[in-house]
Number of protein chains: 2
Amino acid sequence: MEGKANIQDVAKRANVSIATVSRVINNQGGVRKQTEERILKAIQELGYIRNAAARTMKSKDTKTIGVIVPDINNPFFPSVMAGIEQKARETGYFAILSSTNESPVVEQEILKNFIERGVDGVIITTANENGDHLKQVHEQGIPMVAVDRSIQYYDVDTVLVDNVKGSYQAVQHMILQGHEKIAIICGPQNTTPGRERFIGYKKALEDYNLKLDERYIFQGDFGERSGYQGAHQLYSLDDRPTAIFSSNNLMTIGCVKAVGDLDWKLGEEISFFGFDDVDIATFLNPKLSVVSRPMHALGELAFQLLHERIQFKDPVPKREYKLSPELIIRESCRLRYPKNSPDGQSLKK
Amino acid sequence: MEGKANIQDVAKRANVSIATVSRVINNQGGVRKQTEERILKAIQELGYIRNAAARTMKSKDTKTIGVIVPDINNPFFPSVMAGIEQKARETGYFAILSSTNESPVVEQEILKNFIERGVDGVIITTANENGDHLKQVHEQGIPMVAVDRSIQYYDVDTVLVDNVKGSYQAVQHMILQGHEKIAIICGPQNTTPGRERFIGYKKALEDYNLKLDERYIFQGDFGERSGYQGAHQLYSLDDRPTAIFSSNNLMTIGCVKAVGDLDWKLGEEISFFGFDDVDIATFLNPKLSVVSRPMHALGELAFQLLHERIQFKDPVPKREYKLSPELIIRESCRLRYPKNSPDGQSLKK
DNA sequence: TCCTAAAATGTAAACGTTTAGATTTTCTTA
DNA sequence: TAAGAAAATCTAAACGTTTACATTTTAGGA
């Protein structure tokens, strides 16, 4: 039985009971030194590896958390996951990652699978913020933390970035640079970031007495392709915008690609501000201005909140954290007019 | 016991034995229609969710595969994982992902954890190609497939791309464009891609009678920063190269960033070819030429091979697949001389 | 040397499934 | 109607741990 010894075999080899072996495996103390050494030697010789299933059946906690992301190819999520995984490892937890491809049906399957596997908690960026599909997790009393997107139906700890503030400041910046015809490529309005970034956009226009122009609003889906299409649509207008705010990283890539294809002069004919930094931002000429989020820190905070939930099963009220984004002003959003010219004198109401 | 019913509760509610419930849960047939309906109704009413640990203890197969990647922030790996996950889902398997951050120690911990959890197989891009740390997995007889990097110590099915061919063709292209001073930013030489891409580079130089110049060889570590440093070092030479070949995506980003910072005219003073496509490739002016790999297909093939191993435990000899890369010629590697000029006439030996 | 307390170790039930073999029920044919 | 075969269902062991409680061993003090 090479490589497949169980605790009984170890006990026999070391001349002790399985309970004593279990005490040693779990570092529980109460075992004589020489007994412990005999047991460790037996473990080594037999190549014993404990069986997580057996342990789970008895002790109920698996030291595992499940992480669910909607799009693993979006660089935001691997960064968040890196933060989660690092924190998890530091506290003896194991993080398992699964991706839904923005499908609530797949998300439901993954959640059921996680429940079956007895995960101690779940960190989720849900494909459906309504959240009624989370009933089973809720009924099982499994702690959950939502990242980047909220969950309506249940009270779940939530880690966000202040989307309103980030997009407000980005649009404000473009206004203060003299732009009045500012377009937005929106994320899905049934998501927190999609909705809130749109709110920030509108609020900034309102505060500076700028009229909301429906032509300048393109409804994207957070995918690169929709950014591309959005840019094309905006370009096709008779009265083109002079600035674009893109609501996420992938739509930024698509948008900028289209701007290039259309020979729409970035930084001259059209200014640009995107939400979430991207690799290309510093490569373009002009370099892109962006709203930047602390992704690794988001992941760490999410794990920390979840870990607290797992450890203290108190019915503490829901907590919501909004981290501050950071504006990174590069060059893609230049002055529309030189400073102090008459047209540049429009003021915040 | 809301939400926490077990199979015994279901059996009681439906007035059958747990064996009959098990037959229904597992779609094994041999159950009368009306009995089955009663059982399904009881499952529904009680909110029964099966316990994977209990099942694993009895049936030994977990329908889970473990995936190990060295750097989750490298976009290559999420793409491969997307291919794995899609194929896994299609065949009723669950894929769990863990990242080593290029640490063999962490990799060992992850592997042990996977063994404890009874994964049916492992897909790995190892942090240590020597592979002697895989002894435990091997002893447990757990099927394994290596992706992108080989494993020396054990015979493991391997899915690679033809690195030699890809880098050979990229360097050949630059030679045929008239370049003779071609530099390389190498990946780690203890990795298959690092080693083989270097081999392709050398072979192309050799085939066209070009001397290997040590000054033009920079040893990187696949990270962005080393690409940046490599470009700086190459720039600092008295006799600068006229072309650079970068061995992976992140070093490409770093290299191109440095070229920009140095005002080293990309496409004019310095030509460029990178291995693996990157988002920025099509944004730069000039757009980057790259060797492109079918990442999603790599993932799908890796899963397929693993699945075959899991299903048929035959001692089939090790298989190695090398997919063909694709050259994407964009603009970053222009002619050093106009066509038909005397200096452009150098021929392959 | 003996007694008592503390430490060390052992026993056995429990966790929740799956499934081999046993038992019961049903159906068909003579 | 009865007998035999097939179908349906049941029983109970097993998987490998953990741990509450029991038992044994050891150590110290009178």
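Note on naming: letters A, B, ... go to the chains in the order of the sequence lines (proteins, then strands), and numbering restarts at 1 for each one.
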ask   = Within this structure, what is the CE-to-P distance between A/M57 and D/dC15, rounded to whole angstrom?
value = 13 Å
request  = Quickly work out the A/I115 CD1 to C/dG16 P distance and round it to whole Å.
outcome  = 16 Å
message = When you measure from the side-chain N and O atoms of B/T35 to the phosphate of D/dT9, is any distance below 4.0 Å, counting only OP1 and OP2?
response = yes
message = More than 12 heavy atoms of other residues, nucleotides or ligands under 6.0 Å from NZ of A/K318: yes or no?
response = yes
task = On DNA chain D, check which nucleotide each of A/R32 and A/A19 is closest to and give me the residue with the more 5' one.
result = A/A19
note = note: B/R55, atom CZ; D/dG16, atom P; distance rounded to Å ~ 16 Å
request  = Give the rounded distance in Å between these two atoms: CZ of B/R117 and C1' of D/dT17.
outcome  = 15 Å
query = Going through the distances and angles, do A/S150 and A/T158 end up as a side-chain hydrogen bond (donor to acceptor under 3.5 Å, both in side chains)?
reply = CA-CA 6 Å; A/S150 301; A/T158 307; 5.0 Å; no
note = Here the distance between atom P of C/dA13 and atom CD1 of A/I18, to the nearest Å, is 12 Å
Residue mapping more 5' on DNA chain D - nearest nucleotide basis, B/A54 or B/G30 = B/G30
message = The side chain of A/V16 is closest to which nucleotide in this list: D/dT18, C/dG10, D/dT17?
response = C/dG10
query = With a 4.0 Å cut-off on heavy atoms, is B/I25 in touch with a base, just the backbone sugar-phosphate, or nothing at all?
reply = nothing
query = In whole angstroms, how far is the C1' atom of D/dA8 from the CZ atom of B/R38?
reply = 12 Å
key: Ring center gap for B/F222 and B/F76 short of 6.0 angstrom   = no
message = Regarding A/S17 and A/T20, do their side chains bring together a donor and an acceptor under 3.5 Å, going by distance alone?
response = yes
N/O (side chain, A/Q28) to phosphate O (OP1/OP2, D/dT19) under 4.0 Å = yes
query = Separation of B/N51 atom CG from C/dA14 atom P, in whole Å?
reply = 17 Å
query = According to a strict under-4.0 Å criterion, is A/N26 in side-chain N/O contact with OP1 or OP2 of D/dT18?
reply = yes
request  = Would you tell me whether B/R117 and B/N113 have side-chain atoms, one donor and one acceptor, within less than 3.5 Å of each other?
outcome  = yes
message = I want to check one thing: is the phosphate of C/dG10, taken as OP1 and OP2, less than 4.0 Å away from some side-chain N or O of A/T20?
response = yes
inquiry  = So that I can tick it off, tell me whether A/D120 and A/K63 are bridged by a salt bridge, with the cut-off set at under 4.0 angstrom between side-chain N and carboxylate O.
reply    = no
inquiry  = Counting only side-chain nitrogens and oxygens, does B/N6 get under 4.0 Å of the OP1 or OP2 atom of C/dG16?
reply    = yes
task = Please check the phosphate of C/dT9 (OP1 and OP2 only) for any side-chain N or O of A/S17 closer than 4.0 Å.
result = no
Separation of atom NZ in B/K58 from atom C1' in D/dT11, rounded to whole Å = 14 Å
query = Should B/S59 be listed as having a side-chain N or O under 4.0 Å from OP1 or OP2 of C/dT18?
reply = no
ask   = Which is true for A/R50 with a 4.0 Å heavy-atom rule: it touches a base, it touches only sugar-phosphate, or it touches nothing?
value = sugar-phosphate
key: Any A/K60 side-chain nitrogen or oxygen under 4.0 Å from OP1 or OP2 of C/dG16   = yes
